[in-house]
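Here the structure comes first, spelled out in structure tokens, and everything after it is commentary.
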Amino acid sequence: MMESLVPALEAQGVPAADIHYESFGPASLNKHPVPLPTTRANAIAVRFSRSGKTVPWDGSAASLLDLAEGHGIAVDSGCRAGSCGTCETRIESGAVAYSQAPDADLKPGHCLLCISTPTADLTLAL
């Protein structure tokens, strides 16, 4: 239902800031098309310490969650919009930037993979 209602509200001129909804479980809804990030000339190394994988971040993935899943690293996730906190992951080293402010409360030294990207070489406890 939300997949048809939200775009219909936008088509009728309702400002995006005035459209609010909540998803439960694995449901998610992209309210707005997200432009694909531009690729970087120099890739950032993202290390997943538990899996032992190090993969390059070149900007082609939309988020760290997409990067992890694209390389076969299982991550619990729910809303994929920074609200539920399910994908909260400890940062062992490095830093991230957010595409939007997280709605979920985070422990110090943790990030939400669904709305973050690395700003430099990064090691995550995954």
Side-chain angles (χ1 to χ4, degrees):
M1 180 177 95
M2 297 308 290
E3 289 179 0
S4 62
L5 182 60
V6 171
L9 289 169
E10 291 173 333
Q12 291 298 311
V14 175
D18 292 336
I19 300 173
H20 304 279
Y21 64 92
E22 188 171 356
S23 298
F24 296 94
S28 65
L29 173 68
N30 289 329
K31 286 189 350 180
H32 311 286
V34 177
L36 291 176
T38 57
T39 57
R40 295 174 49 96
N42 300 319
I44 293 173
V46 178
R47 182 173 179 269
F48 299 95
S49 62
R50 277 199 301 255
S51 69
K53 292 184 179 181
T54 300
V55 297
W57 172 269
D58 63 3
S60 61
S63 67
L64 285 165
L65 178 59
D66 290 338
L67 181 73
E69 291 174 338
H71 286 87
I73 299 166
V75 179
D76 289 336
S77 64
C79 69
R80 302 182 83 88
S83 298
C84 72
T86 305
C87 66
E88 181 176 348
T89 301
R90 186 169 56 87
I91 299 173
E92 293 180 352
S93 66
V96 300
Y98 288 106
S99 60
Q100 66 187 48
D103 291 327
D105 292 327
L106 296 174
K107 296 175 195 166
H110 287 68
C111 70
L112 293 179
L113 299 180
C114 66
I115 58 169
S116 63
T117 58
T119 57
D121 288 350
L122 180 67
T123 301
L124 298 168
L126 278 177

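Since this is a predicted model, take the numbers as computed values, not measurements.
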Practice problem: Search all heavy atoms of Ile91 against all heavy atoms of Cys111 and return the closest pair with its distance. | Solution: CD1-CB, 3.8 Å

Quiz item: Between Ser93 and Thr123, does any side-chain donor sit less than 3.5 Å from a side-chain acceptor?
Solution: yes

Quiz item: Is a side-chain N or O of Ser77 found less than 3.5 angstrom from the main chain of Cys87, in a donor-acceptor match?
Solution: no

Quiz item: Just by modelled atom types, is the Cys114 backbone N or O under 3.5 Å from a matching donor or acceptor in the Arg80 side chain?
Solution: no

Self-check item: Test log, rule side chain to side chain contact (heavy atoms under 4.5 Å, CB included), inputs Val96 and Thr119
Solution: CA-CA 5 Å; Val96 300; Thr119 57; 5.7 Å; no

Quiz prompt | Intermediate values then yes/no, side chain to side chain contact (heavy atoms under 4.5 Å, CB included), Asp121 and Trp57 | solution = CA-CA 9 Å; Asp121 288 350; Trp57 172 269; over 6 Å; no

Quiz item: If only atom types and distance count, is the side chain of Ser51 paired as donor or acceptor with the main-chain N or O of Ile73 below 3.5 Å?
Solution: no

Practice problem: I would like to know whether Thr54 and Val46 meet side chain to side chain contact (heavy atoms under 4.5 Å, CB included); could you show each step before the answer? | Solution: CA-CA 6 Å; Thr54 300; Val46 178; over 6 Å; no

Quiz item: Which heavy atom of Leu112 sits nearest a heavy atom of Pro102, and at what distance?
Solution: CD1-CB, 3.6 Å

Quiz item: Ala43 and Pro56: which non-hydrogen atoms are nearest, and at how many Å?
Solution: CB-CB, 3.7 Å

Self-check item: Ala61 backbone acceptor or donor facing Asp66 side chain under 3.5 Å
Solution: no

Practice problem: Sorted by first residue and then second, give each salt bridge (charged side-chain N to carboxylate O under 4.0 Å, His left out) pair with at least one member in residues 81-95; sequence neighbours left out. | Solution: Arg90-Glu92

Quiz item: Above 12 or not: heavy atoms from other molecules or residues under 6.0 Å from CG of Asp18?
Solution: yes

Quiz item: Would you say Val75 and Thr86 make side-chain contact, with heavy atoms under 4.5 Å?
Solution: no

Quiz item: Tell me the side chain to side chain donor-acceptor pair (under 3.5 Å) pairs involving residues 95-113, sequence neighbours left out?
Solution: Ser83-Asp103

Quiz item: With no hydrogens and no angle check, is any side-chain donor or acceptor of Lys53 less than 3.5 Å from a backbone partner on Arg47?
Solution: no

Quiz item: Closest approach of Ser49 and Ala125, non-hydrogen atoms and distance?
Solution: OG-CA, 3.5 Å

Practice problem: Would you give the length of the straight line joining atom CG of Leu124 to atom OG1 of Thr89, rounded to the nearest 0.5 angstrom? | Solution: 6.5 Å

Self-check item: Verdict with reasoning, Leu122 to Leu64, per side chain to side chain contact (heavy atoms under 4.5 Å, CB included)
Solution: CA-CA 10 Å; Leu122 180 67; Leu64 285 165; 3.7 Å; yes

